[in-house]
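Take a look at the structure below.
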Protein chains: 2
Amino acid sequence: MLTYSFEDKGKDSLYEYLYKQIKNDILAYKLSPGEKLPSKRAFAKHLNISTITVENAYIQLLAEGYIYSVPKSGYYVSDLSSTKALEEKPAAKRVVENFAEDRIFADFTSNSTAKDSFPFTIWTKTLRQIMSDYERELMVRSPYCGILLLRVAISDYLYQFRGMNVEPEQIIIGAGTEYLYGMLIQLLGRDKRYAVEDPGYQKITRIYQANQVDCCHIPMDNNGVNMQALEKSESDILHISPSHHFPTGIVTPVSRRYELLSWAAKTNDRYIIEDDYDSEFRLVGKPIPSLQSIDVADKVIYMNTFSKSLSSTIRISYMVLPKSLAALYKEKLGFYSCTVPNFEQYTLYRFIEQGHLEKHINRMRNYYRIQRDKILECFKNEKNYNKVEILEENSGLHFLMKVHTDLSDEELMLKAKENGIAISCLSQYSYLEENATEHTIIINYSGIKTEIIPEAVDRLFNSLWDK
Amino acid sequence: MLTYSFEDKGKDSLYEYLYKQIKNDILAYKLSPGEKLPSKRAFAKHLNISTITVENAYIQLLAEGYIYSVPKSGYYVSDLSSTKALEEKPAAKRVVENFAEDRIFADFTSNSTAKDSFPFTIWTKTLRQIMSDYERELMVRSPYCGILLLRVAISDYLYQFRGMNVEPEQIIIGAGTEYLYGMLIQLLGRDKRYAVEDPGYQKITRIYQANQVDCCHIPMDNNGVNMQALEKSESDILHISPSHHFPTGIVTPVSRRYELLSWAAKTNDRYIIEDDYDSEFRLVGKPIPSLQSIDVADKVIYMNTFSKSLSSTIRISYMVLPKSLAALYKEKLGFYSCTVPNFEQYTLYRFIEQGHLEKHINRMRNYYRIQRDKILECFKNEKNYNKVEILEENSGLHFLMKVHTDLSDEELMLKAKENGIAISCLSQYSYLEENATEHTIIINYSGIKTEIIPEAVDRLFNSLWDK
């Protein structure tokens, strides 16, 4: 445990001295971001001081942002990635900001998967096995497209769970979909016009913009991207999530899918990037067949990630290229090294092969179903439930809630925040104002702890309508 | 061990049947690339057949390219990353190609670090520790620029070993320098003209070209890039390796360094990318101070990689941005996720912090020095040593050998290959013909096993001059 001597404390009170010592260790990186501090009681006993002294030191550190608290867990060292910024802010302002953050009781804006859900023990066990069994292979440079074993495992997985017939040669493995988007721009060319969904996942727009390619925004109708607007846009590459659009949750029906494929088939240059980021988490019925699986003209580039299904700290994504593009990729971009370390590639290969991925996804799907049911049940018990409308709740991780209100979206968010609830609105995900829908809250429930759902829903409804 | 039953062998001979079974398992990926096959004797005993039967099956597989042999080690499954290509080739051609490859006795073209040199045991031990000690932190998403602990460790390392004063906030960690080059293009802008060294590391040119940015080639003089040519090129961004140019080995002296910095200071848009890929391996004296360390105008972007100093399967590189660019990076590109998994980041952090990196580099430097001395000693014993000239041998991993000959570079390479020696020539690394120097062989000795050096040198000299 952390140990401090109080011999040199001088004129400082015990708590002041302890606070300074811990603060210095944080600034000197002797205590690492995310590191848990000892419990107040155990620390006090260890240092032979009173619990209240430790508590006072912790409160001061908390107020100044050096540590943060996790309810029912304890205190952790903050990540001061920009220590400069922290030092330059007047203490008062920091305290205020810190308190503001502390007051968030439930965050419905984050669609990150629950941190505790990662099968850490199985993953690390698999990694340990790999280190013993694959010593030689781990030192052999991965091909540009990823190691064959993993590509075969992914191809089997896609066949079993998505009904997709994909050769390992069509698969490119990379350190995250963001990285692969950049590779696709290099593959397909900068002279192309890229089209994205509006509303949509804003990061995709930012990536196209950071790469300075021509990127236009296509409005959505009830069935997905609007075909007329798409035709009119004169785009070459269409980037979509037809199986579960973010954030509207729209599932593009098969008729529209064929329209999209026929759009793509019209010229040689056209391609569709199918971002299938959360198809595993569809809560009712079978996953929607992918666009790739009904594409006979080699026009669909399929993308998916394990950062979503496993953990954002696992940086492995992949794309499935039509065979002609796979050959072009090899020729044009095959000189690039694979960005995923062998340790992770082999571990994921064995994790999939031994059925752990499947089990994990099933477990998570159940968990999300319970979460979703719990939230909807709490909604129904609310007095003002008749003033909202729930949209698209059969896909996992999030749904929409249309609110009958006269308040603006900004006012909705502000009122919720005052009650400790962070929400985002559909309108925030629209790039063009004309494509924005008002009064529609996005309920990301994947990261909310089950036990706080009733209070979180209560707080949300109480903030939207006075009691 | 692998087990096959011979019950269904039909009319096949034992060896034919065994060969087919193993081949099918390789094609069905039941045997993985790089996997070691059982020794002939043990396998024969296990299957209750004769050693010669196993040997015949192995020879057939070897001839067809399904497996490869490692002298004194055994047989391994080939990586058929393009099985299609293999299947489509007529068997005869495959055998010929395979034999041709087999005949390479020593490869002086690869500058990869010796595979066996990676401190596998310490690395995996550290990784195991990290899995126990950092369970919580491993699940916390890394900041875009990499985890603070690792950036602090790198900043300490740069201070101790390169005399560089770098704040952790200036460091961006990414999955390889190739990835970071792409990020730099996004940061600095596509409208800039990028200049690279000619001759130089061709991959850098390919990356700029794949990103479709304007890339020009600056000739080298004895002190590095030629200043007049640089001025004339009207470039904005200069990408160089001033501490050890590849492949000439030129070390840019301090006077030229100040000229370069003064060139960069002339306009706001100019920057120098300093690629310091192998400064650790300078064999005599201290490492050359980096350009970054004498830059007072915030004009140098420093890059280095652990893929070189540790292993190419470790995909961690980093760049040090001037403070103003670090702020711009955060604003413009901070939305990108870090491409290096937390497992690797924490492992490398502890590996550095516990002094393993330093020890490893010292060990490798000694190893390369022994290699270099051994090679030079063997050269001196050659009858035709007076017909060659050795250039720039004080930096690690490779040096140049100028040959007094009437043969063309193609003829030199062909003759060496006929004697089982793969070499490359300086002229191959020139983009513009006018910058090419003839009759200069690049001797990459980092990957050659010490014990075969005498024979390799003999074969090389015998191929250049008839005995």
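Chain identifiers are assigned alphabetically (A, B, ...) following the order of the sequence lines, protein sequences preceding nucleic acid strands; residue numbering begins at 1 within each chain.
- Minimum heavy-atom separation, B:Pro341 to A:Glu344: CB-OE2, 3.1 Å.
- Environment of NZ in A:Lys125: sparse, with no more than 12 heavy atoms of neighbouring residues, nucleotides or ligands closer than 6.0 Å.
- When B:Gly174, B:Ser337, B:Gly34, B:Gly176 are compared by the number of non-hydrogen pairs under 4.5 Å with chain A, B:Ser337 comes out ahead.
- Counting heavy atoms of neighbouring residues, nucleotides and ligands inside a 6.0 Å radius, atom OH of A:Tyr431 does not exceed 12 of them.
- Residue B:Ala210 comes nearest to A:Leu333 through the heavy atom pair CB-CD2, 3.8 Å, listed as atom of the first residue, atom of the second, then distance.
- By the neighbour-count criterion of 12 heavy atoms within 6.0 Å, atom CZ of A:Phe335 is densely surrounded, having more than that number from other residues, nucleotides or ligands.
- Residues A:Arg128 and B:Ser132 share a closest heavy-atom pair of NH2-OG, 4.2 Å.
- Both the backbone and the side chain of B:Ile207 come within contact range of chain A, with heavy atoms under 4.5 Å apart.
- Of residues 347-354 of chain B, not one residue has a non-hydrogen atom less than 4.5 Å from any non-hydrogen atom of chain A.
- With a threshold of 4.5 angstrom between heavy atoms, B:Arg206 approaches chain A through its backbone and through its side chain.
- Both the backbone and the side chain of A:Glu135 come within less than 4.5 Å of a heavy atom in chain B.
- If you take CG on A:Leu149 and CD on B:Glu35, they are separated by 8.0 Å, rounding to the nearest 0.5 Å.
- Counting heavy-atom pairs closer than 4.5 Å to chain B, the top-ranked of the candidates A:Tyr76, A:Tyr134, A:Tyr179 is A:Tyr76.
- Among all heavy-atom pairs drawn from B:Glu137 and A:Pro33, the shortest one is CG-O, 3.7 Å.
- Interface check for chain B: of the options A:Arg315, A:Gln186, A:Gln212, A:Arg190, the most heavy-atom pairs under 4.5 Å are formed by A:Arg190.
- A:Asn342 contributes atom CG, which lies 7.5 Å from atom OG of B:Ser311 (distance to the nearest 0.5 angstrom).
- For B:Leu127, the part lying under 4.5 angstrom from a heavy atom of chain A is the side chain only.
- Looking at B:Lys203, both its backbone and its side chain come within 4.5 Å of chain A, counting heavy atoms on both sides.
- Between B:Phe343 and A:Trp123, the ring planes lie tilted relative to each other; the angle falls in the 30° to 60° range.
- Neither the backbone nor the side chain of A:Gln209 has a heavy atom closer than 4.5 Å to any heavy atom of chain B.
- Using a 4.5 Å cut-off between heavy atoms, A:Arg136 contacts chain B through its side chain alone, with no backbone atom that close.
- Only the side chain of A:Phe120 comes within less than 4.5 Å of a heavy atom in chain B; its backbone stays farther off.
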